[in-house]
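See structure below.
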Amino acid sequence: MAVVFEKTKMLTDAVFHYCPGCTHGVIHRLVAEVIEEMGLQEKAVGVAPVGCAVFAYNYFNCDMFEAAHGRAPAVATGIKRSRPDACVFTYQGDGDLASIGAAEIVHAAHRGEKITTIFVNNAIYGMTGGQMAPTTLVGQKTTTSPYGRDEAWCGKPIRVSEMLATIEGAAYIERVALNTNANIIKAKKAIRKAFECQMSGKGFAMVEVLSTCPTNWGLSPVEAMKWLEENMIPYYPLGVFKDKTKEGE
Amino acid sequence: MLEQNLFAGFGGQGMLLIGQFLAQAGMMEGKYVSWLPSYGPEMRGGTANCSVCVSDSPIASPVITKASCVIAMNRPSLDKFESFVRPGDTLIVNSSLVDVKAKRDDINVYYVPANEIAEKIGNMKVANVIILGAFLELTKCVSVDTVLEAIALKLGKKKANLVDINKQALVAGAEAVTAK
Amino acid sequence: MAQILMKGNEAIAEAAIRAGCRFFFGYPITPQTEVPEYMSARMPEIGGCYLQAESEVAAINMVYGAAGSGVRVMTSSSSPGVSLKQEGISYIAASELPCVVINVMRGGPGLGSIQASQGDYFQATKGGGHGDYHLIVLAPSSVQEAIDLMGTAFDLADKYRNPAMILADGIIGQMMEPVELPEMKEYKVDPEKKPWAATGWKPGDKKQRAVINSLYITTEELTELNERLQARYAEIEKNEARWETYNMDGAEFVIAAYGTVSRICKAAIDELKQEGINVGLVRPITLWPFPKQAVRDAVMADGVKACLTVELNAGQMVEDVRLAVNGAKPVEFFGHAGSLMPTAEEVKEQIKRMREE
């Protein structure tokens with residue numbers, strides 16, 4: 001029988017622990033496919049976060065590190081500096097990257113660290129059961145903002161892509177979403193570009209992926225996708241915020 | 001022989017540096033040495049001092065609470081460290097900047113107008129080396145020639161032209177304490 | 001090789017390089033700043049990597065990343081900064097990675113002072129961060145010993161896949177003494193010797209891919225890790241205790257002290273000897289593993305009436321001395337917290353007081 005589809009070899013056969021309707025699985029596959037398509041299998045080293053993707057080291061079929069909460073960019077820095085030829089990526093959620101790891105991501109970008117960061121923004125802490133994140137929208141109810149996020153009390157959500165785009169060392173910053181097939185294809189292109197940016201030595205690259213969390217949002221997967229479109233995309237506009245990859249070509 | 005010396009002054013007066021010259025020279029003469037500076041914010045314009053031990057046997061403690069010789073380059077150093085000098089031992093005071101006399105009469109006190117001598121030689125920066133010259137003359141801790149070698153080593157090739165003025169300073173310092 | 005006069009912090013840095021360390025991640029803090037300063041000048045000369053991290057937290061995590069790649073890597077800091085590193089140190093210990101951490105101790109708690117202290121003995125020897133783990137802790141008492149222990153630290157870290165710490169103090173860091181440096185050593189990562197390291201892997205390779213990790217979500221797996229660690233610690237305790245004794249012949253009392261303080265005690269012992277009073281010294285060089293048997297043997301020697309532990313803190317190592325002696329003879333403590341260095345005169349007074357009791 002002819003093989004018409006084969007799962008990428010850059011994912012292990014381990015069964016994902018993610019909830020039904022969660023988009024982590026899609027993002028894992030996009031990242032794994034890009035690594036395989038670019039022929040980076042042997043060079044790839046991933047750094048998993050603390051958060052829902054904490055077990056990413058079980059799924060990505062390459063050398064993997066598990067970092068302390070928020071510290072993935074520092075760990076990736078240590079790997080990349082000791083193995084400059086390696087293809088190093090971090091995979092981080094919004095609590096990990098935008099809250100406890102804000103310093104590490106800002107300074108990795110600031111140094112122009114030649115790593116690729118996949119930033120999964122679902123506006124909530126998933127693994128600990130739905131607490132408020134720096135990216136939680138104003139009015140959004142979580143287990144630690146039961147009356148809805150109060151702007152006067154907690155401030156407005158952080159737009160990480162816009163912030164990092166102001167940093168000189170950031171070479172490629174794009175925000176994508178997984179709400180339509182077209183957008184999933186766009187997301188894969190962005191991820192590929194972020195890896196190309198690293199491998200050509202241009203500097204720090206990050207792709208922010210707007211993602212859903214049906215479980216902690218209390219919505220069905222379909223409703224969650226709709227909520228993302230109606231609430232997240234207006235506040236977190238999609239697009240390229242920084243692109244230095246064409247410079248010097 | 002165990003010489004425990006304490007060189008103290010304002011940050012910038014070069015006390016840590018002459019301490020290093022002495023330690024380097026002691027080592028070059030095959031002695032055991034240690035050099036321990038005060039450190040931190042006081043380096044920036046406050047008082048700075050270093051303890052330099054020179055010995056024929058391994059140095060137990062590099063931390064000094066009793067000294068065989070104290071150099072006080074300024075008034076705060078005199079106030080703080082006069083009491084450290086062991087009875088019968090030596091205190092050298094920079095009389096250019098210290099306008100009082102030492103209080104104790106059980107020690108040997110020498111007053112060296114280091115800044116004025118430096119001005120005469122034509123380089124204000126060598127006041128510290130002048131006082132080191134006085135120290136070497138009084139204590140014979142290490143030889144002047146070895147100290148000059150140590151200074152030349154520290155200055156390196158780029159600043160080799162400064163060896164002469166340092167030599168003059170050592171001689172002038174020695175003369176200041178033999179003249180009396 | 002001829003002796004040169006070198007400052008402790010710079011000597012530590014050069015000795016690390018000569019032990020094959022080519023990766024340094026750090027952050028400025030007094031009184032250890034000469035270590036990163038020296039590294040920033042020296043590493044580019046030899047094709048190594050010096051990187052100033054944004055924080056001590058980031059620095060230790062960079063160490064984690066590089067250690068996982070198998071290279072010889074280190075960081076240095078002083079007490080408040082080492083507190084910040086504890087999270088990362090716990091992860092490194094749990095992930096069974098070798099690295100070297102320097103702590104040039106200063107006074108605490110809190111921001112404390114910048115003067116020398118031994119206030120971090122508990123933190124260094126009892127784990128420091130969360131969970132059941134140990135560092136190999138080496139405490140030099142001279143600049144030369146700091147140099148010699150650097151090579152030991154890297155070797156032991158590699159041998160046992162465990163972080164090692166050089167626990168120095170502000171005086172060791174700032175002092176200059178004549179030293180001899182070891183020969184330069186190149187260290188090449190050998191995937192045969194470090195099969196666990198992330199040195200490159202692709203699907204289909206015979207060996208397993210590297211997973212550098214300290215998360216063991218099931219109690220069975222976590223118990224297995226802990227049992228493996230404890231077995232290793234037992235092995236380290238059996239093999240690696242290091243100490244020095246001094247003037248033990250005919251001693252009436254034994255002083256237990258380490259680092260700079262042990263030298264002040266030596267000065268006191270020398271002076272007491274001139275007065276006809278014989279006092280011995282037992283100086284732990286490894287603070288973990290603590291040289292229990294050696295300390296016990298010293299204190300239990302015939303003629304020794306009691307032990308005086310002297311520290312530049314409120315009394316920390318004295319607990320381990322008491323455990324070693326286990327009540328068989330009196331163990332007293334003398335010291336100051338707050339960076340006020342005990343003097344030889346004070347130590348002598350303590351011994352004389354103990355003689356009269």
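Chain naming here is simple, since letters A, B, ... match the order of the sequence lines and numbering starts at 1 in each. Note that the coordinates shown come from a computational prediction; the quantities given were computed from them, not determined experimentally.
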Practice task
For Pro203(C) and Gln41(A), work out which heavy atoms get closest and say how close.
Solution key: CD-CB, 3.9 Å
Problem - Asp132(C) atom CG, neighbour heavy-atom count above 12 within 6.0 Å - result: no
Practice task
Keeping the roles fixed (side chain from Arg71(A), backbone from Asn61(C)), state whether a donor-acceptor pair exists under 3.5 Å.
Solution key: no
Handout entry: Atom NZ of Lys189(A): over 12 foreign heavy atoms under 6.0 Å
Key = no
Problem - Side-chain heavy-atom pair Glu54(C), Arg111(A) within 4.5 angstrom cut-off - result: yes
Fill in the blank from the handout: One should read off an interatomic distance between Ser55(C) OG and His107(A) NE2, to the nearest 0.5 angstrom, of 8.0 Å
Handout entry: Distance in Å, Glu113(A) CD paired with Met62(C) CE, rounded so as to fall on 0.5 Å steps
Key = 6.5 Å
Exercise for the section: Using a heavy-atom cutoff of under 4.5 Å, enumerate the residues of residues 211-231 of chain C that contact chain A, numbered in order, or state 'none'. Expected result: Val211(C), Ile212(C), Asn213(C), Leu215(C), Ile217(C)
Exercise for the section: Let me know if Thr199(C) has heavy atoms under 4.5 Å from chain A in its side chain, its backbone, both or neither. Expected result: backbone
Problem - Members of residues 20-29 of chain C whose heavy atoms come closer than 4.5 Å to chain A - result: Phe23(C), Phe25(C)
Fill in the blank from the handout: For residues 93-105 of chain A against chain C, heavy atoms under 4.5 Å, the residues are Ala103(A), Glu104(A)
Exercise for the section: Would you indicate whether Arg161(C), at its atom CZ, is surrounded by more than 12 heavy atoms from other residues, nucleotides or ligands within a distance under 6.0 Å? Expected result: yes
Problem - Proximal to chain A - members of residues 69-85 of chain C, heavy-atom separation under 4.5 Å - result: Ser69(C), Val71(C)
Handout entry: Non-hydrogen atoms of Ala198(C) and Phe65(A) that approach each other most closely
Key = CB-CE1, 3.6 Å
Practice task
Give the intermediate values and the outcome of side chain to side chain contact (heavy atoms under 4.5 Å, CB included) for residues Arg209(C) and Met64(A).
Solution key: CA-CA 8 Å; Arg209(C) 70 191 173 93; Met64(A) 289 292 294; 3.5 Å; yes
Exercise for the section: Check whether Tyr91(C) gets within reach of chain A through its side chain, its backbone, both or neither, counting any heavy atom under 4.5 Å. Expected result: side chain
Practice task
Count the heavy atoms belonging to other residues, nucleotides or ligands that lie under 6.0 Å from NZ of Lys43(A), then report whether that count exceeds 12.
Solution key: no
Exercise for the section: Heavy-atom distances under 4.5 Å only: say whether Ala68(A) touches chain C with side chain, backbone, both or neither. Expected result: both
Exercise for the section: Answer yes or no: does atom NZ of Lys7(A) have more than 12 heavy-atom neighbours from other residues, nucleotides or ligands under 6.0 Å? Expected result: yes
Exercise for the section: Go through the atoms of Arg81(A) and report whether side chain, backbone, both or neither lie under 4.5 Å from a heavy atom of chain C. Expected result: both
Practice task
Looking only at non-hydrogen atoms, find the nearest pair between Ser82(A) and Gly65(C) and report the distance.
Solution key: OG-O, 4.5 Å
Exercise for the section: Please check if the side chain of Asp63(A) supplies one atom and the backbone of Ala210(C) the other of a donor-acceptor pair under 3.5 Å. Expected result: yes
Handout entry: Region of Ile60(C) in contact with chain A, defined by heavy-atom distances below 4.5 Å
Key = neither
Problem - Greater than 12 external heavy atoms within 6.0 Å of Lys207(C)'s NZ - result: yes
